[in-house]
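Note that the structure is predicted; figures quoted are calculated from it, not measured. As a basis for the values below, the full set of heavy atoms in this structure was taken, side chains included, without hydrogen atoms, waters or symmetry mates. Each chain gets a letter, A, B and so on, in the order its sequence line appears, and its residues count up from 1.
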There are 2 protein chains.
Amino acid sequence: MKIALIGGTGSIGKGFALRWGQKHQIIVGSRGEEKAQAKAAEYTGILKDYGYDANITGSVNSKAASEADIVLLAIRYGQIASTIEQIKPGLAGKIVISVVVPMEKDRCIIVPDGVPLEISTNSREDYQADYFCYVTPPSGSAAQEISPMLPEGTELVSAFHNVPAAKLANLDIELNYDIGVCGNSMHSKNIVFDLVRDICGMRPLDIGPLEASAMVESITPLLVNVAIRNHMKDVGIKFVD
Amino acid sequence: MKIALIGGTGSIGKGFALRWGQKHQIIVGSRGEEKAQAKAAEYTGILKDYGYDANITGSVNSKAASEADIVLLAIRYGQIASTIEQIKPGLAGKIVISVVVPMEKDRCIIVPDGVPLEISTNSREDYQADYFCYVTPPSGSAAQEISPMLPEGTELVSAFHNVPAAKLANLDIELNYDIGVCGNSMHSKNIVFDLVRDICGMRPLDIGPLEASAMVESITPLLVNVAIRNHMKDVGIKFVD
């Protein structure tokens, strides 16, 4: 399978390139072609050190999207509209995966012992109140924002939001995560389930239609808070029964 | 510690009574005194079978709240206003724990293969699209709705949302869950952390102030979806690093 990683030169893109590059063809997309090619060479070199003869190339985002079978959006929430405008001509009929999470670091007001107290994010008070928060988009989630921007016949699947980038990109680490998947077509979801299983230590779980995506996206700022406030690092999630 | 379980005759109340009843005094609260007393006797009997000489009594909610040190609200979202109105006189200066989650089962429109299709919750089509959804309250979360209704000096802590009731109430089951805790006072959060640790197999994690509560509350409908759609049962959560 040919997988384009749009915005694939960032930390989460690196992880997908190194994991999927072990068995799929990867096109690293970026706004600049040179940067994309440099990263593609870097990822190819890392996989070579691990014994994989990977097929990883670099292109501008629009070319990466048009040449791929699967297009993963490894971009920030604020980049959605401009990025999709660029890559739209190459998306028709393809499966698009969104890992996008709208989140912000907020100041907040805490009320220790009943007295309201505003604490800035840089405070060094004994109650460290800074935390990350999910910022619900007008349509309900990042996935629901992206969906109407795609050309007809494109199938959007929302997944992989809760994976720590640093661990995904570290091939010495054995992963053990559950991946919540939302989407409105069983056909595309089944293909994404297989892409989840292609990464050793990941289990795909069907969460529901795209409309359920906010519940998965909002776990990401929660995981950041869990890490910050409990002396943990690169936290992911498991569903236990 | 004396713990009142407001609405404690329901399934989640039973679990807390059986777990905390092993080392704390429990007052089961209900709208009807007879029902509360019957449930208290039932829970005492179960604990006796497991070798515990528990102190569990039953009262109307208002009396349960006024006699306790800690008051846990084991009620539905729609019951918040009327319940707090009843118990408010007994809450001042106490720690109140909210496990409340606003969620609804929704019809939804899915788009298999690009064709919009409305599927009702009772549909038996091959794509079962019914799912549960977090319903964000006007203030942001159930905890933020409850907080301003409490008397001055009361400390609200939001926790235990993601625990499956059936497993909490089954003493033959070894639990293994992480419990996200939100609140604006370290004093009350530390007491709740200890109450989490009092239940074998539970680990407390600080998530942030009350304003972060929506991210924990919204995991509950997600867990229901995970169970329904992936042939799992009574699903809980673990944060892994």
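At a 4.5 Å heavy-atom cutoff, B/Ile173 makes no contact with chain A through either its backbone or its side chain. If you measure heavy-atom distances from B/Ile219 to chain A, the contacts under 4.5 Å come from the side chain alone. Contacts of A/Pro164 with chain B are absent, with no heavy-atom separation under 4.5 Å from either backbone or side chain. At a 4.5 Å heavy-atom cutoff, the contact between B/Asn230 and chain A is made by side-chain atoms alone. For A/Ile207, the parts lying under 4.5 angstrom from a heavy atom of chain B are both the backbone and the side chain.
Among all heavy-atom pairs drawn from A/Leu205 and B/Met232, the shortest one is CD2-SD, 3.9 Å. Contact between A/Arg229 and B/Asp206 at its shortest, heavy atoms only, is NE-OD2, 3.2 Å. Looking at every heavy atom in both residues, A/Asn176 comes nearest to B/Val240 through O-CG2, 3.7 Å.
Of the residues listed (B/Val226, B/Asn225, B/Leu223), the one engaging A/Met215 in a side chain to side chain contact (heavy atoms under 4.5 Å, CB included) is B/Asn225, and it is the only one.
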Exercise. Could you walk me through whether A/Asp241 and B/Val235 pass side chain to side chain contact (heavy atoms under 4.5 Å, CB included), step by step?
Key: CA-CA 4 Å; A/Asp241 73 343; B/Val235 178; 4.0 Å; yes

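Note: B/Ala212 leads B/Ala212, B/Ala214, B/Ala227 in heavy-atom pairs under 4.5 Å with chain A.
For B/Arg76, the CZ atom is loosely surrounded, since the number of other residues' heavy atoms within 6.0 Å does not exceed 12. Counted within 6.0 Å of CD on A/Glu85, heavy atoms from surrounding residues, nucleotides or ligands total 12 or fewer; the atom is thus considered open.
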